[in-house]
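Scroll down for the structure; my scribbles are underneath it.
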Number of protein chains: 2
Amino acid sequence: MRKLKDSRRAEIVDAALFVAAEQGIKAVSMRAVAARIGLTSMALYGYFRNKDELLDAIIGRMLADISRPASGLDWRETIRHLAAEVRSVARRYPSVVPLLFTRPAVSPSAIMVIDLLFEALLRAGVEPAQVPRMERMISTFIIGYAISEVSGRFSEGSLDTRSRRAQLRPDLLPGHRLLAEHLDAPVDWDAEYQADLDDFLDVVAGLAARDRGHRAPIAEP
Amino acid sequence: MRKLKDSRRAEIVDAALFVAAEQGIKAVSMRAVAARIGLTSMALYGYFRNKDELLDAIIGRMLADISRPASGLDWRETIRHLAAEVRSVARRYPSVVPLLFTRPAVSPSAIMVIDLLFEALLRAGVEPAQVPRMERMISTFIIGYAISEVSGRFSEGSLDTRSRRAQLRPDLLPGHRLLAEHLDAPVDWDAEYQADLDDFLDVVAGLAARDRGHRAPIAEP
DNA sequence: ACCTGAACACCGTTCAAGT
DNA sequence: ACCTGAACACCGTTCAAGT
């Protein structure tokens, strides 16, 4: 598996990501990917045990597009940078992003992003024992939001608001009725994403303050 | 599409969910589902335009397993109840849950859950204009966490920690190195989920306090 | 009204065979 | 060392035909 030329392997992954970007993840078949670079589907089995392994490689390749945060950034700017990068990668390869949740994050590029989040949370002053939890919490939200945006979980739902409420007996949906005016208003997704991130950064800052308090309590006046 | 007997339609959806629970979502083919109830694949096209529509119906059927919160619960308990229900449904139908993010939430059962969240956030005192954002933020996390748990994004990643770090030059992963002891420790996922939810409830409470402050400012002493 | 047989254009994967 | 032809057991979907 690993003996074969790495350049050929990379060529296959690039072709697969290209097919996914052009025609969606459903069009990524062993035959189609191989044909794109003048091979037959059976040739790919020299480089990947099966299609799942190829899909894992596609995820790694996609995440490799995430740029490292500039070195001068503080912890808040670092997290904001990574969040923005994940979102922009998601827009570049919409149909690939859902795979992020379906498969374990083991590619080198995924581990790099996790490591940068670890560092940022430590610099924020979060107790080390709490850092992995916060990393999972924040990355779960970031990836989930990215998928929701590109797969239409948000937008189609809100476009559909009028018919959605007509569909059911209104007395069964008191929440929707009370919020009627706000549900029909268009949403500024960029602003919402920033607001959500700000809330997360506040949670991190609050956690750090609590931890500092426990470790080195300051006398109350 | 809608003229055909509803009971037959429900029978098909039940069969599909059964196949998914037993053999995974990949085994849910039109032929397999139809065969389970003594039909041919082509019969299903009288009830669903295509396979995607059947998958949407499966999601709706799965979410219908979520129980309504008891009427006496306060807003925190309501959100905790819904979060626990989503997680337990995810464990019941692991391979179906990833579809939640891939397709819009338009089924009646999905809308019911959203409505209950709307109500809880309003009762918490969140400004109505902020309620839809908070609903999306919290449900994105809840669904994302459920998928991550059942699809192994978390567990395989952390089981693999040792080899993961060996795999890369350690000087490139300063975050992992600083957290070494905490990355090898086993994780109590129930406790982590509760801690994450508590953080979200704090965000909601903080937002509500801020909004109350704006609407009816209290004179400072 | 409800269902099917036959057919089309696809899949992933294996295995023996080619150069 | 690298690749392919042929084959197997599947897919989703359409359409004309059955009762």
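Here is the naming used below: chain letters follow the sequence lines, and residue numbers restart at 1 for every chain.
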Earlier contact from the 5' end, DNA chain D, for A/L44 and B/D52: A/L44
Whole-Å gap separating [atom2] ([N]) and [atom1] ([X]):
X     : N      : atom1 : atom2 : answer
B/I37 : C/dC3  : CD1   : C1'   : 12 Å
B/M30 : C/dG5  : CE    : P     : 17 Å
A/R49 : C/dG12 : CZ    : P     : 18 Å
B/K51 : D/dT14 : NZ    : C1'   : 17 Å
A/K26 : D/dT13 : NZ    : P     : 8 Å
B/R31 : D/dT14 : CZ    : P     : 13 Å
B/L39 : C/dC2  : CG    : P     : 12 Å
A/R8  : D/dC3  : CZ    : C1'   : 9 Å

Donor-acceptor contact present, side-chain A/E53 to main-chain A/R49, <3.5 Å: yes
So, do [X] and [Y] sit near enough that their side-chain heavy atoms are less than 4.5 Å apart?
X      : Y      : answer
B/V106 : B/D56  : no
A/M134 : A/L117 : no
A/K51  : A/L44  : no

Parallel, tilted or perpendicular: rings of B/F200 and B/F141 (30°, 60°): tilted
Mutual orientation of the aromatic rings belonging to A/F101 and B/F101 [parallel < 30°, tilted 30-60°, perpendicular > 60°]: parallel
Dot-bracket line, read 5' to 3' along DNA chain C, where crossing pairs take [ ] and | marks a partner on another strand, Watson-Crick or G-U under 3.5 Å: ||.|||||...|||||.||
Sugar-phosphate only, base, or nothing, as touched by A/M42 at under 4.0 Å among non-hydrogen atoms: base
P-based separation of D/dA9 from C/dA9 [nearest Å]: 22 Å
Below 4.0 Å: OP1/OP2 of C/dC15 and any side-chain N or O of A/Y45: no
Under 4.0 angstrom between B/S29 side-chain N/O and D/dC11 OP1 or OP2: yes
Reported CG-to-CG distance for the pair B/L173 and A/D115, which is rounded to 0.5 angstrom: 4.5 Å
